[in-house]
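Whatever order the structure lists ligands and atoms in, that order sets their numbers, starting from 1. These numbers come from a predicted model, not from an experiment.
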Amino acid sequence: MNVVLATPHPRCVYFSFFSERLNRRTDVVSVTPWLAPIVWEGTFDPVLIDKIYKPMNLTIATTVFAVGKYVRFLQDFLETAEKHFMVGFHVRYYIFTDRPHDVPSVNLSQGRHLSVIQVPGSNRWQEISARRMEFIQTTIERQIRREADYIFCLDVDSKFHAHWGSESLGRLVAVIHPGYYEQSRDRFPYERRLASTAYIPMDEGDYYYGGAIIGGFVEDVYTLTKVCRTRFEEDAGNSIEAAWQEESHLNRYLLDNKPSKVLSPEYLWQDIKAKIKQVKVIRFSAVIKNNAEVRPNV
Ligand SMILES: CC(=O)N[C@H]1[C@@H](OP(=O)(O)OP(=O)(O)OC[C@H]2O[C@@H](n3ccc(=O)[nH]c3=O)[C@H](O)[C@@H]2O)O[C@H](CO)[C@H](O)[C@@H]1O
Ligand SMILES: [Mn+2]
């Protein structure tokens, strides 16, 4: 029988809309074993996702710590965020610093706000990095839970280079560390000492997540920061500090509490690393820094 479909059924239009916009990825895994999306260019339609999220009138909190000499990274971080990060959404930046007078004034688009929160300095970079969990937890309690729907907690020594939008939103969001994307789990630098509460045995672990991005619903990130802070302090009481401070605790937490969305290394690259062919777009990357010069200790 010769069937001629003059006008496609509306459902067919829907499917052709998808196939035109998305060139399905076969070179990368785009879903976790627990069926959470792994976000890669070409696996989502930014226009369609924005149509879902924009009417919700969401506010995205963004925490960034700039303690000591790290204030120098703020200008580029904020200027590039204004160009690429959550454009068209309400964004509230929370800048944690011991040098409030050195926070640069950057022109923010409409609907975007910035507040500065004073935190103490430290003579150990490890402590500054790890105590982010504590300050994020207490600031969520004090104000963020009343001021935002979602939150991203980001490293300041970084720049945005391309679109980072509502495709990244989810209940609990983490990023695959670009250094360990292709490694097997026995190579992951998890905390391996049984004495630490961040301990992960050699035959466990899903991904190695980078400490530079934690995201999700404010309440889910609240619980994460509270648990990681408590465990970090419990370890300190036993004179042990996990191999990669709060990043180790983050990895332990996410092993037990699976993220609902995983960002590919497009969302956390490193300028020092050559691009790999699977990464079609670098959206956010760590700048090259001289650790000995910017950190209070080596
Ligand atoms: C790409 C990535 O996943 N980076 C992680 C990695 O090293 P990194 O080398 O990226 O750590 P880092 O030196 O950037 O420190 C983490 C963050 O702490 C803040 N800071 C640090 C030192 C300082 O003197 N002043 C200051 O403000 C700042 O926001 C910085 O971005 O391991 C750290 C844990 O130890 C963190 O988990 C980082 O997120
Ligand atoms: Mn960093």
Colleague: With a 3.5 Å cut-off and no angle check, do the side chains of R185 and Y190 form a donor-acceptor pair?
Modeller: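 Absent: no donor and acceptor within the cut-off.
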Colleague: Give, for atom NE2 of H177 and atom CH2 of W244, the distance between the pair rounded to the nearest 0.5 Å.
Modeller: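 The CH2 atom of W244 is 8.0 Å from NE2 of H177, to the nearest 0.5 Å.
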Colleague: Indicate yes or no: does an N/O atom of L154 lie under 3.5 Å from an N/O atom of ligand 1?
Modeller: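 Among all N and O atoms of L154, none is under 3.5 Å from an N or O of ligand 1.
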Colleague: Consider only side-chain N and O atoms of H163 and E167, and report whether a donor and an acceptor are under 3.5 Å apart.
Modeller: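 There is such a pair (donor and acceptor under 3.5 Å, judged by atom type) between the side chains of H163 and E167.
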Colleague: Could you tell me whether the side chains of W125 and S129 share a donor-acceptor contact shorter than 3.5 Å?
Modeller: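 Looking only at side-chain atoms, S129 and W125 do not form any donor-acceptor pair under 3.5 Å.
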Colleague: Backbone or side chain, does any N or O of V156 fall under 3.5 Å from an N or O of ligand 1?
Modeller: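 By distance alone, the answer is yes.
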Colleague: Using a heavy-atom cut-off of under 4.0 Å, does the side chain or the backbone of E246 touch ligand 1, or both, or neither?
Modeller: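 Looking at E246 and ligand 1, just side chain atoms fall under 4.0 Å.
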Colleague: Can you confirm whether or not the ring centre of F284 sits under 6.0 Å from the ring centre of W269?
Modeller: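 For F284 and W269, the ring centres are not under 6.0 Å apart.
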Colleague: Do you see a donor-acceptor pair shorter than 3.5 Å between the side chains of Y94 and E147?
Modeller: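 A donor-acceptor contact under 3.5 Å links the two side chains.
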Colleague: Any nitrogen or oxygen of V67 lying under 3.5 Å from a nitrogen or oxygen in ligand 1? Just yes or no.
Modeller: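 Right, the criterion is met.
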Colleague: Nearest to atom 35 (O) of ligand 1, what protein heavy atom do you find, and at what distance?
Modeller: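 I find the closest protein heavy atom is Q245 OE1, 2.4 Å.
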Colleague: Does any N or O of ligand 1 fall below 3.5 Å from an N or O anywhere on A212, backbone included?
Modeller: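 Yes: some nitrogen or oxygen of A212 is under 3.5 Å from one in ligand 1.
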Colleague: Just distances here: any N/O of F65 and N/O of ligand 1 closer than 3.5 Å?
Modeller: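 Right, the criterion is met.
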Colleague: Test your reading of the structure: does K289 have an N or O sitting under 3.5 Å from an N or O of ligand 1?
Modeller: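 Between K289 and ligand 1, an N or O pair is found under 3.5 Å apart.
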Colleague: Under 4.0 Å from a heavy atom of P296: give me the atoms of ligand 1 that qualify, with their elements.
Modeller: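 Reading through ligand 1 atom by atom, the close ones are 24 (O).
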Colleague: Taking the minimum heavy-atom distance to atom 16 (C) of ligand 1, which of A243, A286, P178, S129 ranks first?
Modeller: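 Ranked by closest heavy atom to atom 16 (C) of ligand 1, first place is S129.
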Colleague: Report the name of the N/O/S atom of D155 located nearest to the Mn ion (ligand 2).
Modeller: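 Considering only N, O and S atoms, D155 comes nearest to the Mn ion (ligand 2) through OD2.
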Colleague: Using atom types as modelled and distance alone, determine if a side-chain donor or acceptor of Q75 lies under 3.5 Å from a backbone N or O of P104.
Modeller: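 No: the side chain of Q75 does not pair with the backbone of P104.
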Colleague: What is the closest protein heavy atom to atom 6 (C) of ligand 1, and at what distance does it sit?
Modeller: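 Result for atom 6 (C) of ligand 1: E247 OE2, 4.0 Å.
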